[in-house]
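As C-alpha cells, the structure follows; a few thoughts come after it.
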Amino acid sequence: MGKKIRLDRFLAEMGRGSRAEIRQAAKKGRIQVNGRVEIRTDTKIDPDGDRVWMDGKPVQYLALEYFMLNKPQGVISATKDPRHRTVADLIDGERRRDLFPVGRLDIDTEGLLLMTNDGELAHCLLSPNKHVDKTYFARVSGRLPEDAADRMAAGMRLKDQTQVQPAGLEILKAGEEEAEVLLTIREGKFHQVKRMFEALDCRVVYLKRLSMGSLALDGRLQPGEYRRLTEEELAGLRADTGTGEKEG
Ligand code: URA
C-alpha cells in the first residue's frame with residue numbers, strides 16, 4: 001500500500017480544481033471513493049490502492065508526468081508571470097499543477113521543451129556533466145567565417161571571454177548574408193546559441209530547439225501544441241541521463 005494523502009490534495013494535484021472547488025464538488029456528492037460518495041475532502045486515501053471517481057469518471061493518479069511542448073515564440077519558459085503567457089499556461093486540461101519547464105528557451109525561441117514534475121530527471125538533463133546534447137536549428141544573418149565549425153568544435157570563447165564546451169556545427173546553407181545551421185551543444189548557458197554566433201560576428205534571427213538527448217520534437221506538433229511522452233521516449237531520456245526506472 002502506498003503513502004496516504006488527503007482526498008482534496010489528490011484531486012487538486014490531478015488538476016481537478018482548487019481545494020475550495022473540490023470541497024464544493026464533494027458537498028454536492030460529485031466525488032466517490034471505492035464506489036461510495038465521499039463528502040469529506042480531508043479523508044485520507046491511498047492514491048495507488050483506492051479508486052477515486054469525480055463526476056462519474058475515474059481519476060487516475062500520476063505521480064510524475066512528462067509532456068513534450070512545441071514552444072511558440074512570445075511565451076516565456078516559466079510557470080507564472082504577471083505580464084506574459086507562460087509555457088505552463090499552454091498545457092491545459094487534466095494535468096498536475098506542479099509541472100515546470102526543463103531549462104529555458106528565450107521568449108523568441110521555438111521548439112522542444114520538456115514539461116515535467118520529475119526534478120531528478122530535469123536536473124540530470126540540464127547538468128553539463130551528463131553530456132546530454134541539445135540540437136538547435138538556427139537562421140543567422142551575416143557571413144559565417146570559413147572556420148566556424150572548427151572554432152565551435154574546439155570550444156570557443158564568447159565576446160565576454162566566457163569559455164564554452166566544444167559544440168557541433170552542421171552548415172545546411174551558407175551565403176554572403178545569411179546561413180542556416182544545426183548546432184549541437186551540451187550546456188545551457190544564458191543565451192548560449194545567440195552568444196556563440198555573436199562571437200563569430202553573426203546574429204541569430206530564428207532559433208528552434210529540435211532535440212534534447214534522444215528526445216526529438218514531434219514534427220506533427222504545431223507551435224503551442226503538446227503531447228505526453230511515450231514510454232519509449234521516457235525510457236530513452238532515462239538512459240541518456242542514467243536515471244533509474246520510477247513508479248509513476
Ligand atoms: N540558446 C539561446 O541563445 N537561446 C535559447 O533560447 C536557447 C539556447
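Values below: every heavy atom of this structure, side chains too, minus hydrogens, waters and symmetry copies. Just follow the structure's listing: the first ligand is 1, and inside any ligand the first atom is 1.
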Enumerate, atom names and distances included, each donor-acceptor pair closer than 3.5 Å involving a side-chain atom of residues 197-206, sequence neighbours excluded.
from	atom 1	to	atom 2	distance (Å)
D201	OD1	K159	NZ	2.8
Y206	OH	E110	OE1	2.8

For R228, give me all partners under salt bridge (Lys or Arg N to Asp or Glu O under 4.0 Å), at least two apart in sequence or on another chain.
E65
What are the polar N/O contacts of ligand 1 with the protein below 3.5 Å, with distances?
from	atom 1	to	atom 2	distance (Å)
ligand 1	1 (N)	V193	N	3.1
ligand 1	3 (O)	H191	O	3.2
ligand 1	3 (O)	Q192	N	3.4
ligand 1	3 (O)	V193	N	3.3
ligand 1	3 (O)	K194	N	3.1
ligand 1	4 (N)	D106	OD2	2.7
ligand 1	6 (O)	D106	N	2.7
ligand 1	6 (O)	D106	OD2	3.4
ligand 1	6 (O)	T109	OG1	2.8

All heavy atoms of R227 vs all of D218, minimum pair found to be NE-OD2, 2.8 Å
In Å, rounded to the nearest 0.5 Å, how long is the span from CZ of R104 to CZ of F190?
9.0 Å
T43 side, atom OG1; E38 side, atom CD - distance, nearest 0.5 Å
3.5 Å
Residue pairs meeting side chain to side chain donor-acceptor pair (under 3.5 Å), one or both in residues 142-157, sequence neighbours left out, come to R143-E176
